[in-house]
Amino acid sequence: MKFEKINAPKGVREYLPPESSAFEWVRSQLIAPAKLAGYKLMELPVFEDTNLFSRGVGESTDVVSKEMYTFEDRGGRSITLRPEGTAGVMRAVIEQSLDRAQLPVKVWYSGQFFRAERPQAGRFRQFYQVGIEAIGLDDPAIDAEVIAIADRGFKNLGLKNYRLEITSLGDAESRAAHRVDLLAFIKTLNLDEATSQRAGINPLRLFDDKRPEMQSAMSKAPLLLDYLSDSARNNFEKVQSYLRGMRIDFVINPRMVRGLDYYTGTTFEFIHPDLGAQSGIGGGGRYDGLMEILGGQSLSGIGFGLGVDRALLAAIAEDSLPTEEFTSDLFIIPLGENAMDSALTIAQDVRSAGITVEIAFGDRALKGAMKAADKSGARFVVVLGDSELLNGSVDLKRMSDGVVTSVKIAQLQDQMRQALSL
RNA sequence: GUGGGCGUAGCUCAGCUGGUAGAGCACUCGGUUGUGGUCCGAGAUGUCGCGGGUUCGAGCCCCGUCGCUCACCCCA
């Protein structure tokens, strides 16, 4: 009887050793700056009431109209796997009344998100994001700090080739004025059916069309940045000057388009040129009306989502991963049963100092065990046999150059600490 | 949803105008007792994605199907 193999669902990206170490590292580096800035973890469900997204993200968006994993649960409720993070955070903040405490509410999250798109390089149906939200204060300084936190995350990865693009979508009046002129302009263009349909849903979309003829057609289109109200423009300029003060490089891209309807005011994207068509490694912005739309009080907020999968691809492209981080410090090769007994004890002891220790299990020949130690990338190796147990000391071998030091077993932890300068 | 490319060993791939499968890497063991990387030797591994068809004969040709992949679109 032979059973058929079962494959992973289409479009999911799995992280297995050895790559999973790099993934884990990237994720922790991306979120570290948020923790250092006082943001607190929010652990949220991966599925929510479908209305949360159709109302919060917007019916007209591609995400909601054709990319959601929506199903009915056993109680007949419409459930959707979260396609993004902000709406869920807002729902929880409102539901748990976090906005009744001191503002801003500063939270971070990390996890899987789901969109039923056609998979492509850097685009998956289940993807990982880390993100933060700062809710309840309308202050350009927070905008700047949020952007700085994202930027720090990418710098933590050693990335250099990415660029930060910012713009402002202004306030409601700014957008209304611009929309009138933009629609009038678009009417003068000769568009194919699919394109004019897209324009009908969101005319800003046309700025994002990659076809050269569309790019040049849109080159004379009215820009939202030119329609900003005085307060919106002042706000945007303030954000820029804060960023300059923190020495964060950015370019203004007045043609930036965001796919989620809730964005207003400051918006930004991080672009990495080495990733192919899916070059956005992170993005975010301010959302003024979202909380109210979701039944909460009228507070604004700002946040971002960073793509962990894509950030990892970028780090691979730039060869900036610190591979030493992912290997063991010490490899113990016990010879015989007595030796295994103390190998287990020694490993416990050395690990208690935060040192990574592996043991060669199984009845392998010494040569094979050494090979395994070498492959694991371990920095040091000790062989533990009867004579070592008798003497109470082992030869600590540094694998990089083969140098051997005799060390008392009782002092192995100290020696390792010194060797690794912990 | 629309297009292009590709499915042969665990991985990367060869396989000529159709004649019943190969390399490199990786893996395991060994090259005199307990020390890795190099070198040498040996070994294991395939329904050639799947299903039909053409043919004396199909990895190769035809049709279908599934999967992967890249791009459009969209976005992280």
S.K.: Taking the same atom, C1', in B:G7 and in B:U65, what whole-Å distance lies between them?
M.R.: 13 Å
S.K.: Would you say whether A:Phe113 stacks on B:A76? The test is a distance between ring centres of less than 5.5 Å and an angle between planes of less than 30°.
M.R.: no
S.K.: Specify the separation, in whole Å, of atom CD of A:Glu269 and atom P of B:C74.
M.R.: 13 Å
S.K.: When you get a sec, tell me which of B:C75, B:C74, B:G34 is the closest nucleotide to the side chain of A:Glu117?
M.R.: B:C74
S.K.: Can you check the distance between B:C74 and B:G46, where both ends of the measurement are the C1' atom (answer in whole Å)?
M.R.: 40 Å
S.K.: Tell me the interatomic distance from A:Gln112, atom CD, to B:A76, atom C1', rounded to whole angstroms.
M.R.: 14 Å
S.K.: Between B:C72 and A:Gln120, is there an OP1 or OP2 to side-chain N/O distance shorter than 4.0 Å?
M.R.: yes
S.K.: Please determine whether a side-chain nitrogen of the Lys or Arg among A:Arg13 and A:Asp309 lies less than 4.0 Å from a carboxylate oxygen of the Asp or Glu.
M.R.: no
S.K.: Let me know, please, whether A:Ala121 or A:Asp208 comes out on the 5' side of the other along RNA chain B by nearest nucleotide.
M.R.: A:Ala121
S.K.: Give one of base, sugar-phosphate or nothing for A:Asp209, where a contact means two heavy atoms less than 4.0 Å apart.
M.R.: sugar-phosphate
S.K.: Specify the separation, in whole Å, of atom NZ of A:Lys66 and atom P of B:C74.
M.R.: 7 Å
S.K.: Measure from CG on A:Leu275 to P on B:C70 and round the result to the nearest Å.
M.R.: 12 Å
S.K.: Run the salt-bridge test on A:Glu67 and A:Arg118 with the 4.0 Å N-O cut-off and return the result as yes or no.
M.R.: no
S.K.: Roughly how many Å apart are B:A26 and B:U12, using the C1' atom of each and rounding to a whole number?
M.R.: 11 Å
S.K.: Expressed in whole Å, how much space separates the C1' atoms belonging to B:A42 and B:C70?
M.R.: 43 Å
S.K.: Taking N and O atoms by type only, does the side chain of A:Lys367 place a donor or acceptor under 3.5 Å from a partner on the base of B:G31?
M.R.: yes
S.K.: Go ahead and name the base partner of B:U65; Watson-Crick or wobble counts if both distances stay under 3.5 Å, otherwise write none.
M.R.: B:G49
S.K.: Cation over ring, A:Arg82 on A:Phe113, under 6.0 Å and within 45°?
M.R.: yes
S.K.: Would you mind reading off the distance between A:Glu388 atom CD and B:U35 atom P, rounded to a whole angstrom?
M.R.: 12 Å
S.K.: If B:A44 has a Watson-Crick or G-U wobble mate with both distances under 3.5 Å, name it; if not, just say none.
M.R.: none
S.K.: Could you tell me whether A:Ser387 contacts a base, only the sugar-phosphate backbone, or nothing, with contacts defined as non-hydrogen atoms closer than 4.0 Å?
M.R.: base
S.K.: Answer with base, sugar-phosphate or nothing: what part of the nucleic acid does A:Gly122 contact at a heavy-atom distance below 4.0 Å?
M.R.: base
S.K.: Side chain of A:Lys397, base of B:G36: donor and acceptor closer than 3.5 Å?
M.R.: yes
S.K.: Need to verify one output field. Residue with the more 5' nearest nucleotide on RNA chain B, A:Val381 or A:Pro119?
M.R.: A:Val381
S.K.: Quick one: A:Arg118 CZ to B:C74 P, roughly how many Å, whole number?
M.R.: 16 Å
S.K.: Between A:Glu269 and A:Arg258, is the closest basic N to carboxylate O distance under 4.0 Å?
M.R.: yes
S.K.: Is any NZ, NE, NH1 or NH2 atom of the basic residue among A:Lys397 and A:Asp395 found under 4.0 Å from an Asp or Glu carboxylate oxygen of the other?
M.R.: no
S.K.: Between A:Asp49 and A:Arg91, is any pair of side-chain heavy atoms under 4.5 Å apart?
M.R.: no
S.K.: Within the structure shown, what part of the strands sits under 4.0 Å from A:Phe270 by heavy-atom distance: base, sugar-phosphate, or nothing?
M.R.: nothing
S.K.: If you look at every heavy atom in A:Ala34 and A:Ile132, which pair is closest and at what distance?
M.R.: CB-CG2, 3.5 Å
S.K.: Which one, B:C72, B:G34, B:C73, comes nearest to the side chain of A:Ala277?
M.R.: B:C72
S.K.: Name the closest nucleotide to the A:Gln129 side chain, picking from B:G34, B:A76, B:C73.
M.R.: B:A76
S.K.: Would you say A:Arg125 reaches B:C75's phosphate, i.e. side-chain N/O to OP1/OP2 under 4.0 Å?
M.R.: no
S.K.: Can you find an N or O donor on one side and an acceptor on the other, under 3.5 Å apart, linking the side chain of A:Arg123 with the base of B:C73?
M.R.: yes
S.K.: Counting Watson-Crick and G-U wobble pairs only, both distances under 3.5 Å, name the nucleotide matched with B:U2, or none.
M.R.: B:A71
S.K.: Return the value, rounded to whole Å, for the distance between atom CG of A:Asp309 and atom P of B:A76.
M.R.: 13 Å
S.K.: What is the distance, to the nearest angstrom, from the CZ atom on A:Phe268 to the P atom on B:A76?
M.R.: 11 Å
S.K.: What is the pairing partner of B:G34, taking Watson-Crick or G-U wobble pairs with both distances under 3.5 Å in any strand?
M.R.: none
S.K.: Distance check: side-chain N/O of A:Arg258 vs OP1/OP2 of B:C74, anything under 4.0 Å?
M.R.: no
S.K.: For the side chain of A:Glu67, counting heavy atoms from C-beta on, which of B:C74, B:C75, B:U35 is nearest?
M.R.: B:C74
S.K.: Say you pick atom C1' in B:A58 and the same atom in B:C63; how far apart are they, in whole Å?
M.R.: 15 Å
S.K.: Keeping the roles fixed (side chain from A:Arg286, backbone from A:Asp143), state whether a donor-acceptor pair exists under 3.5 Å.
M.R.: no
S.K.: Quick one: label A:Ser279 by what it contacts on the DNA or RNA (base, sugar-phosphate, nothing), any heavy atom closer than 4.0 Å.
M.R.: nothing
S.K.: Give A:Asn202 one of three labels, base, sugar-phosphate or nothing, depending on what nucleic acid heavy atoms sit under 4.0 Å from its own.
M.R.: nothing
S.K.: Using purine N1 to pyrimidine N3 plus N6-O4 or O6-N4 for Watson-Crick, or N1-O2 and O6-N3 for G-U wobble, each under 3.5 Å, what pairs with B:U20?
M.R.: none
S.K.: Write down the distance separating the C1' atoms in B:A14 and B:C60, rounded off to the nearest Å.
M.R.: 13 Å
S.K.: Can you identify which nucleotide, out of B:G37, B:C73, B:C27, has its nearest atom closest to the A:Lys375 side chain?
M.R.: B:C27
S.K.: Between B:C48 and B:A9, how far apart are the C1' atoms? Round to whole Å, please.
M.R.: 10 Å
S.K.: Could you check whether A:Gly276 gets within reach of a base, just the sugar-phosphate, or nothing at all, counting any heavy atom under 4.0 Å?
M.R.: sugar-phosphate
S.K.: Suppose you measure atom P in B:C50 against the same atom in B:G59; what distance do you get, rounded to whole Å?
M.R.: 11 Å
S.K.: For A:Arg205, answer base if it contacts any base atom (sugar-phosphate contacts may also be present), sugar-phosphate if it contacts only those atoms, and nothing otherwise; contact means non-hydrogen atoms under 4.0 Å.
M.R.: sugar-phosphate
S.K.: Assign A:Leu366 to base, sugar-phosphate, or nothing according to its heavy-atom contacts below 4.0 angstrom with the strands shown.
M.R.: base
S.K.: Tell me the closest heavy-atom pair linking A:Ala32 and A:Asn156, and the distance in Å.
M.R.: CB-ND2, 4.3 Å
